[in-house]
Amino acid sequence: MLTKLIKHEFKATSRILLPLYLVLAVFTIINRLNFNFDQLQESFPLLHGLILSGYVLSLIAMFVVTFVILIIRFYKNLTSEEGYLMFTLPVTPRQLINSKLLVASVWTVLSFIAVIVSLFFLVIFPGEMHEFLRVIKDVRENLTESFGSYGILFIIEIIIVVILSILNDLLKIYLSIAIGQLINGHKLIGSIGAYIGINIVIQIITTILLTIAGFAYQTYANPMDIPRSFFPIMILLLLLLNIVYYEVTNYLFKNKLNLE
Amino acid sequence: MNAILECKSVSKKFGNLTALSNVNLTLERGRIVGLLGPNGSGKTTLIKLINGLLVPTEGTLLIDGNKPGPETKEVVSYLPDKTYLPEWMRISDAIEFYKDFYGNFDEAKARDMLARLQLDPSRRLKALSKGTKEKVHLILVMSRKADLYCLDEPIGGVDPAARDYILNTIITNYNENATVLISTHLIADIENVLDDVIFIRNGQITLQSSVDEIRFQEGKSIDTLFREVFKC
């Protein structure tokens, strides 16, 4: 059933999100051509500027539109009248959340990849490929220099932190919506209020934790501590927070669903 | 065989408001049951509890011996009193959706009923009138071979001709072991198809009886009885 939910989730979201990729692709190609023909820049500076700003806008839109569409989809599909359809399917609320979380994460990662690929395609010319490879090599050498044998661990930890942060952003919004839907007639305002409330609580906790951490790390400032203890603690905290967000969301949808 | 629906001392409270209080109710298989009561009497709350959209504050509610969950949702076919399908879908998308999630969905039957009502499956739901959407909803819901159909105000927004077709669909399109629970206040229109009636008022069941019994004992139609019992 989870696979079916995921399939239909992709179907419903790609309808709006795929055209975004098409727009980015078109702007990327136009700008690449634009760069290749220097005459255009000299003879039509206005056109050149328009093409470039269109490209920048499409890069921003890639992130913003993806994020907004994913939030609207979750809100509308589960807490509006469509909720009558979704919550009476022979699936558990957990499966509903899982399908949405997975598909939303994939779209978020894809939007990052699309932007990176586009930028890469735009600025890298065939002759400069070795230059690019050299930069990568430099980064690797710097990592080994700073973190020694922990260089690889450092990279793995960064990837985990990025993934957990994406999940964290999404789950925080899911929880806000699950709380907001409890308020009859003001679900949207309620969700926004819940989001602000959660952020304030997290802010307070983080400040306290950072203050404690500040004291603890004062004594020995060693770059090795980043992969050895700073990142592991951060991963643990993110994981803990994600589990709390997820479980409370699931509890609310299972026991306190309030469709109008 | 378990009763298709069994409510044992079911209560549902929303804060201070009691929507259902101490409901004891058993529905047998193979019956068409009218759930009748004025607005705000608890009809929709009861139907939402059966479909797992609400959780009882007290008591237990069993469908074929199981608490509401994925297994019961597989055998209960629910028509909410809302336009619940995503507006961007075409009718054919909605058919695919039902086919994917419900093993008991009969696609041929749905397409046949659509053709009968001259509804083109390639049309988008967004472009349909309210009454037409209700027809599509009802066709999807009745095309499932379910054990319990819960129809919440199924004929409210459609014209009398379509109303007849829909009622006919309801009585001819379900198997003998299935029970149909219809909530409505348009009693005169559905009276003839009902086997049993349940009167509900202020969250309490005030009467559960077969239609024949009422006609025999009281000597009046359900519509007349309803108007007397719920006189304002």
Flag this pair as yes if the NZ/CZ of B:Arg144 is under 6.0 angstrom from the six-membered ring centre of B:Phe105 and inside a 45 degree cone about the axis; otherwise no.
no
Between A:Thr88, A:Leu257, A:Thr92, who has the most heavy-atom pairs with chain B when the cutoff is under 4.5 Å?
A:Thr88
For B:Arg116, does the CZ atom sit with more than 12 other heavy atoms under 6.0 Å from it, leaving out its own atoms?
no
Counting heavy-atom pairs under 4.5 Å to chain A, which of B:Val76, B:Leu53, B:Asn51, B:Asp93 comes out on top?
B:Leu53
Rounded to the nearest 0.5 Å, what's the gap from CG on B:Leu148 to OG on B:Ser77? Could you check?
9.0 Å
Bottom line for B:Thr44: the part with an atom under 4.5 Å from chain A's heavy atoms is neither
Do the numbers put B:Arg124 on top of the ring of B:Trp88, so that NZ or CZ is under 6.0 Å from the six-membered ring centre and no more than 45° off the axis?
no
For B:Tyr78, is it the side chain, the backbone, both or neither that has a heavy atom under 4.5 Å from a heavy atom of chain A?
side chain
Report, as yes or no, whether the 6.0 Å neighbourhood of atom CG on B:Asn202 holds more than 12 heavy atoms from other residues, nucleotides or ligands.
no
So what's closer than 4.5 Å to chain B heavy atoms on A:Gln95: side chain, backbone, both or neither?
neither
Main-chain N/O of B:Gln204 paired with B:Asn22 side-chain donor or acceptor, under 3.5 Å:
no
For B:Tyr98, is it the side chain, the backbone, both or neither that has a heavy atom under 4.5 Å from a heavy atom of chain A?
side chain
Any idea which of A:Lys4, A:Lys256, A:Lys7 has the most non-hydrogen atom pairs under 4.5 angstrom with chain B?
A:Lys4
